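First up is the structure itself, then whatever we jot down about it.
Below, chains carry the letters A, B, ... as their sequence lines are ordered, and counting in each starts from 1. In this text, all values refer to a predicted model and were calculated from it rather than measured experimentally. Basis for what follows: all heavy atoms, side chains included, without hydrogens, waters or symmetry-related copies.
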2 protein chains.
Amino acid sequence: MDISKTCADCSVRNRSLCGTLDDGELQALSRIGHRRHFTRGATILWSGEPATQCGNLLSGALKMTASTADGREQTVSTLYPADFVGRPYAEDSRFTVTATADSELCMFARAPFEHLLERHAKMERQLLDQAFTALDESRAQMLTLARRSAAEKVAGFLLDMADRAEVTRISPTGPATFDLPINRGQIADLLGLTIETVSRQLTKLKLAGIIALPGIRTITIRDEASLRTRAG
Amino acid sequence: MDISKTCADCSVRNRSLCGTLDDGELQALSRIGHRRHFTRGATILWSGEPATQCGNLLSGALKMTASTADGREQTVSTLYPADFVGRPYAEDSRFTVTATADSELCMFARAPFEHLLERHAKMERQLLDQAFTALDESRAQMLTLARRSAAEKVAGFLLDMADRAEVTRISPTGPATFDLPINRGQIADLLGLTIETVSRQLTKLKLAGIIALPGIRTITIRDEASLRTRAG
DNA sequence: CGAGTACTTGATCGTGATCAACGGGTGTGG
DNA sequence: CCACACCCGTTGATCACGATCAAGTACTCG
C-alpha cells in the first residue's frame with residue numbers, strides 16, 4: 001500500500017499535527033505510521049499500562065477516562081478527528097482511552113515519533129499549542145465539576161454539543177435540532193453525575209418548554225436564551 | 001544590575017526551563033527577562049485579560065483559579081518554585097494567577113519569549129513535557145473533584161502535602177509532622193468543598209486518632225496506613 | 001483592650017445519590 | 001412469528017452528604 005498517497009488523501013491532513021509538514025517530511029512520517037481501526041467500545045490505551053503508541057484520530061470519537069480503585073469513573077477528555085492521542089515523554093498512560101464510536105487512528109510507536117518531533121520544530125510547536133489548549137479546557141471543566149449544579153452542568157453540556165454538532169433549523173433563527181453522539185450514561189460520566197440525575201434534568205428542561213426531545217438522542221433547543229441563563 | 005550573574009545564582013537554575021540552556025543562550029534569555037516580586041495576595045495574571053507576560057516562579061507559591069460569573073471559585077492549579085507561569089500562543093489568560101505567599105518570579109514579555117522558544121528546541125521540549133505533566137495532574141484532579149467524597153479528598157490532600165512538605169519525625173519510622181502552607185479556605189477551594197466541611201473532616205480524623213493537630217496549620221500523621229485507606 | 005481574622009462546632013436544609021420499579025425498543029432463538 | 005431477554009431511559013421514594021446559616025472561640029494586631 002502506498003502510504004504517502006494515503007497521507008495526501010487524509011481527512012484530517014490540514015488540521016492535525018501533520019498539517020505542519022511538507023511533502024518530504026510527510027514521507028518520513030508515513031514510514032513510521034500505520035492506520036488502525038477500532039470498533040465502538042474497544043480500548044486504545046489502558047490506564048497504568050506502558051503506552052508505547054500514540055497517534056492522531058482520523059474519524060470517530062474517543063473518550064479518556066480516570067477511575068478510582070473501587071471503580072468509580074470520570075471522563076476527563078473527549079477526542080474528535082484531528083485530535084492527538086497519547087502521552088509523549090512518559091512510559092505509562094495514566095488514563096484509559098476508549099472508542100465511543102467506530103474509529104480510525106493513524107498510529108505511531110512512541111520512540112520514533114518522539115525522534116521525529118525533535119527534528120520538526122513546527123510539529124512540536126503545534127503539539128505544544130494543542131497541549132496548552134487541552135490544559136485550558138481541562139481546567140475549565142474542573143470548575144464545572146466542582147462548583148456547578150446538576151442543572152447548570154446539563155444546560156452547559158447541551159449548549160456545547162449544539163456548538164459542535166451539525167444543527168438543523170426549520171428557519172434561520174428557528175429552534176436548533178441536533179443528535180447527541182452519546183447516551184445518558186456517558187453524559188453522566190462526563191458531568192460527574194448519575195444517569196438518573198441527567199435524565200431528570202432533561203425532563204425538567206422539557207417541561208419548562210426550553211428544549212424538546214423528539215427522539216431519545218435528539219435535542220431541540222426551543223429557547224436558547226433561557227438555556228444560557230440556566231448554564232450559569 | 002548584572003542579570004547574567006543573577007541567572008547563574010538562580011535558585012531554580014537547574015530545575016526550570018532555563019536548565020536546558022548553555023551560558024551563551026542564558027545571556028540571551030536574561031536580556032529579555034527581569035525579576036519581579038509579588039506580595040502575598042497580589043495577582044500576577046487576571047482571567048480574561050490579555051496575558052502579555054509569562055515566567056518562571058523562583059520562590060514562594062502561586063495559585064491558579066477559575067470562577068463562575070456569580071463568583072464561585074475553584075483552584076485549578078498550585079504552582080511551586082521552578083514551575084512555569086503563563087500561556088504562550090494565546091492572547092488572553094483564561095485563569096487568574098495569585099500569589100499565596102510572597103513570591104519572586106523571573107518574567108518575560110510573551111512575544112520575545114515565544115521567539116526564543118522557537119530557537120531553542122530543548123527549552124521547547126522541556127516546556128512540552130511540563131505541559132503534559134500538568135495535563136495529567138489536572139485530569140487526575142478532575143476524578144477527585146467529581147467522584148471522591150469529602151473524607152477521601154481531605155485524606156488524599158494530607159498525603160499529598162506530606163509528600164511535598166518538609167517532614168520532621170521524632171524517630172525514622174515515627175509519626176510525620178509538617179506545616180500546611182495554606183489556610184482552610186484555600187484547602188476548600190482546592191478540593192471543591194466549603195471551609196466548614198474541611199474543618200469537620202480534619203476533626204473527624206483527629207478524633208479517630210489518625211492525625212493530630214498540634215498547631216492550627218500543623219499536621220501530625222499518626223497512622224499513615226489508615227489515612228491511605230480513607231484516601232480511597 | 002477592642003477589632004478583625006481564622007477556625008471550630010452546632011442545627012438545619014436541599015441537592016443529588018441510591019434503591020427500586022417500570023416502559024419501550026431491539027435483537028435472538030425456539 | 002412471537003416470546004423472551006436485554007439494554008436504555010424514565011420516574012418515584014427515600015436517604016445521606018455536604019452546603020448553608022448561625023454562634024462561639026482562639027489568636028493577632030493596632
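What separates CG of A:D189 from P of D:dG9 is a distance of 12 Å, to the nearest Å. Distance A:L213 CG to D:dT10 P: 7 Å, rounded to the nearest Å. Following rounding to the nearest Å, B:I195 (CD1) and D:dA23 (C1') show an atom-to-atom distance of 16 Å. Distance A:Q186 CD to D:dC8 P: 9 Å, rounded to the nearest Å. Regarding B:R72, its CZ atom lies at a distance of 18 Å from the P atom of D:dG18, rounded to whole Å.
Backbone-only contact: A:G192 has heavy atoms under 4.0 Å from sugar-phosphate atoms and none from a base. Residue A:L202 is out of contact with every strand shown, counting any heavy-atom pair closer than 4.0 Å.
Between B:R72 and B:D70 a salt bridge is recorded (basic side-chain N to carboxylate O distance below 4.0 Å).
End-to-end axis angle of the helix from C:dC1-D:dG30 to C:dG30-D:dC1, using five pairs per end and rounding to 10°, comes to 20°.
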Review item, nucleotides 24-30 of chain D N/O atoms under 3.5 Å of protein N/O:
none

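Residues meeting the side-chain hydrogen bond (donor to acceptor under 3.5 Å, both in side chains) test with A:D160, sequence neighbours left out: none.
With hydrogens and angles left out, the side-chain atoms of B:R164 and B:T78 include no donor and acceptor closer than 3.5 Å.
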Could you pull out all donor-acceptor pairs under 3.5 Å where a side-chain atom in residues 196-205 of chain B meets a protein atom, sequence neighbours excluded?
residue, atom, partner, partner atom, Å
B:T197, OG1, B:T194, OG1, 3.1
B:T203, OG1, B:S199, O, 3.3
B:T203, OG1, B:R200, O, 2.9

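Mapped onto DNA chain D by nearest heavy atom, A:R147 and A:I182 fall at different nucleotides, with A:I182 at the one closer to the 5' end.
A close approach under 4.0 Å does occur between a side-chain nitrogen or oxygen of B:T197 and OP1 or OP2 of D:dA19.
Taking every heavy atom of both residues into account, A:A146 and B:Q74 meet most closely at CB-OE1, 3.3 Å.
Counting non-hydrogen atoms of other residues, nucleotides and ligands closer than 6.0 Å to CZ of B:R217 gives a total above 12.
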For side-chain hydrogen bond (donor to acceptor under 3.5 Å, both in side chains), just list the numbers for A:D179 and A:T218, CA-CA rounded to whole Å, side-chain angles, deciding distance to a tenth of an Å, and then say yes or no. CA-CA 4 Å; A:D179 281 345; A:T218 312; 2.9 Å; yes

Once base and sugar-phosphate atoms are separated, protein heavy atoms under 4.0 Å mark nucleotides 12-17 of chain D, 5' to 3', with B, S and - as BB----

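Mapping heavy-atom proximity under 4.0 Å, the span of DNA chain C touched by chain B runs 5' to 3' from C:dC7 to C:dA11.
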